Amino acid sequence: MTGSAATTDGYTPESGNDGYGVRSYDLEIGYRVATNRLDGVATITVVPTEARSTLAFDLLRLRAAKVRVDGHKARHAQSATKLTVTLPDVTVPGEPVEVVVEYSGPPAPRRTRWGTLGWEELTDGALVASQPNGAPTWFPCNDDPADKATYRVQVTTEQPYAVVAHGELTDRHTRSGRTTWVYEQPEPTASYLATVQIGRYELVPVVLAGVPGVFAGVPAMRSRIGRDFGEVADMMACFVERFGPYPFASYSVVVTDDDLEIPLEAQGLAIFGANHADGAGGSRRLIAHELAHQWFGNSVGLTTWRDIWLNEGFACYAEWIWSEASGGPSAASLAARAHARLLEAPQDIVVGDPGPDLMFDDRVYKRGALAVQALRSAVGDDAFFDVMRAWTAEYRHHVATSADFVALATRVSGHPVGPLLRPWLDERALPPLSWR
């Protein structure tokens with residue numbers, strides 16, 4: 001009955017823990033920008049799935065000082081990547097346990113095969129970009145994409161800085177030159193989609209096709225942000241019509257004062273670099289892509305990373321939907337162009353299980369989108385968008401697999417979707433075009 005850390009996803013074997021699921025995280029964080037110092041208290045409510053005498057959490061670089069379990073002091077041990085807590089009593093499956101961890105240190109990103117992930121210093125502030133396993137760089141967690149939980153995040157930092165986190169801003173107050181920001185996220189959220197953004201930002205309220213939101217950026221970039229992100233309201237209306245209701249209470253955009261290699265999504269928000277706000281609309285495709293992730297990847301999440309095409313293929317296809325809806329090339333023509341480029345690329349990837357080294361390969365994105373276009377071409381627009389809306393409704397705030405999608409799409413469309421998608425997802429050779 002002694003617990004041990006065990007992976008739940010073979011793509012990130014060093015992450016995730018067995019024996020429980022997390023119901024909620026309550027994070028109280030103090031952060032000093034000048035010294036990159038984080039002091040945190042994490043209250044984690046877990047629901048055991050089996051009898052255990054220890055629980056393991058993912059935690060990197062930051063050191064746990066004290067741990068309490070249901071109000072009682074608890075022994076703990078820490079390795080480079082895990083915090084293991086010895087419980088006062090053996091857990092009873094289904095009975096919640098409250099674990100409180102006091103921890104601190106200088107947060108730093110995790111070095112992985114996909115680059116550096118997690119909490120990262122900016123020139124003047126900080127950001128969190130965790131996909132797929134960077135969350136433990138700023139709080140102890142069960143870093144498993146299938147283990148969704150609710151969040152309350154309280155961040156206190158120097159007064160000149162604004163904090164944007166996932167969820168809704170419920171409180172903000174200043175004392176002795178430091179401001180506390182409180183965000184609450186009641187919708188179940190994967191740990192990699194939890195985020196904190198800190199900068200000298202002004203927060204500009206916006207309404208996006210009826211969805212409240214915020215555009216956050218430094219004042220000097222206000223006009224560029226307004227021009228480049230002015231279409232988000234129209235994108236929102238387009239996607240709501242085609243994919244179903246927006247799945248969260250609001251949508252925010254953060255534009256950092258630093259350049260970023262790529263933009264990224266978090267729960268209910270997206271983060272872009274200064275280079276993505278060029279004032280000339282150069283990132284329209286990326287802006288549509290990150291917004292679409294709120295349906296595909298954030299609300300409907302992944303059971304395991306092997307099915308990442310469900311996130312990226314659908315978000316890539318949403319770029320093409322936005323193109324045709326806004327007067328640009330049709331999705332079918334953009335798919336044909338992508339197919340031609342893929343014909344020139346190596347035919348050595350299985351999109352439905354690309355392996356960890358290739359999970360973020362552009363071929364996963366584009367060939368995943370081609371699979372979506374193949375489905376649309378086969379079943380017709382009415383049935384296709386019925387499938388999209390049913391997918392986001394039936395798996396709203398849950399996790400799913402490729403098999404789940406095939407079953408739903410077959411049922412809703414009345415077509416045998418498995419044989420149609422199999423060549424795109426399960427075979428290395430690129431299938432021929434089935435549309436014009």
Side-chain angles (χ1 to χ4, degrees), residues 1-29 37-112 117-119 128 130 132-153 189-192 194 304-305 356:
M1 291 185 294
T2 298
S4 62
T7 181
T8 54
D9 194 315
Y11 279 37
T12 54
E14 68 282 6
S15 302
N17 308 281
D18 64 356
Y20 67 92
V22 178
R23 175 177 292 176
S24 66
Y25 293 96
D26 190 315
L27 308 176
E28 296 185 5
I29 292 170
R37 170 75 181 189
L38 186 152
D39 294 279
V41 178
T43 301
I44 310 168
T45 302
V46 307
V47 180
T49 56
E50 57 189 53
R52 308 298 295 267
S53 61
T54 67
L55 294 175
F57 300 92
D58 299 292
L59 186 64
L60 282 77
R61 298 182 181 271
L62 304 171
R63 304 303 299 178
K66 297 179 182 179
V67 178
R68 297 189 302 277
V69 176
D70 289 337
H72 302 286
K73 290 183 179 180
R75 291 186 292 112
H76 67 279
Q78 202 166 348
S79 67
T81 61
K82 298 289 183 180
L83 169 68
T84 302
V85 178
T86 300
L87 304 173
D89 299 296
V90 174
T91 58
V92 177
E95 292 190 6
V97 175
E98 182 183 88
V99 180
V100 180
V101 181
E102 298 181 25
Y103 63 103
S104 62
R110 179 179 205 160
R111 298 187 181 278
T112 74
L117 304 172
W119 189 288
V128 170
S130 293
N133 63 343
T137 63
W138 66 285
F139 69 104
C141 60
N142 187 33
D143 201 17
D144 177 344
D147 191 10
K148 292 187 172 188
T150 64
Y151 282 78
R152 176 184 178 275
V153 179
T189 301
S191 54
Y192 83 92
T304 64
W305 286 112

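Values below: all heavy atoms of this structure, side chains included; hydrogens, waters and symmetry mates excluded. This one's a predicted model, so the numbers in the text were calculated from it and none came from an experiment. Residue numbers count from 1 along this sequence.
- The aromatic rings of Trp119 and Trp138 are tilted relative to each other, their planes meeting at an angle between 30° and 60°.
- Scored by the ring pair (Phe, Tyr, Trp, His ring centres under 6.0 Å) test, Phe57 finds Tyr20 as partners (sequence neighbours excluded).
- Atom OG1 of Thr86 is separated from atom NZ of Lys73 by 15.5 Å, given to the nearest 0.5 angstrom.
- In this structure Asp26 satisfies the salt bridge (Lys or Arg N to Asp or Glu O under 4.0 Å) test together with Arg152, sequence neighbours excluded.
- Among the candidates Asn133, Asn17, Thr12, Thr81, the single residue satisfying the side chain to side chain donor-acceptor pair (under 3.5 Å) test with Asp58 is Asn17.
- Listed here is the closest heavy atom pair of Thr91 and Glu50: OG1-O, 2.9 Å.
- Partners of Glu102 according to the side chain to side chain contact (heavy atoms under 4.5 Å, CB included) rule, which considers only residues two or more places apart in sequence or in another chain, are Val41, Lys66, Arg68.
- Screening Pro136, Ser130, Pro132, Pro109 for a side-chain contact (heavy atoms from CB on, under 4.5 Å) with Leu117, the sole residue that qualifies is Pro132.
- A 4.5 Å side-chain heavy-atom check between Leu59 and Lys82 finds every atom pair outside the cut-off.
- Residue pairs that meet the salt bridge (charged side-chain N to carboxylate O under 4.0 Å, His left out) test with at least one member in residues 85-99, sequence neighbours left out, do not exist here.
- Every residue was checked against the salt bridge (Lys or Arg N to Asp or Glu O under 4.0 Å) condition with Asp70, not counting sequence neighbours, and none meets it.
- Qualifying salt bridge (Lys or Arg N to Asp or Glu O under 4.0 Å) partners for Arg37, counting only residues two or more places apart in sequence or in other chains: Asp39.
- Annotation: side chain of Lys148 is not in contact with side chain of Thr189 (no heavy-atom distance under 4.5 Å).
- No side-chain heavy atom of Val97 sits less than 4.5 Å from a side-chain heavy atom of Thr45.
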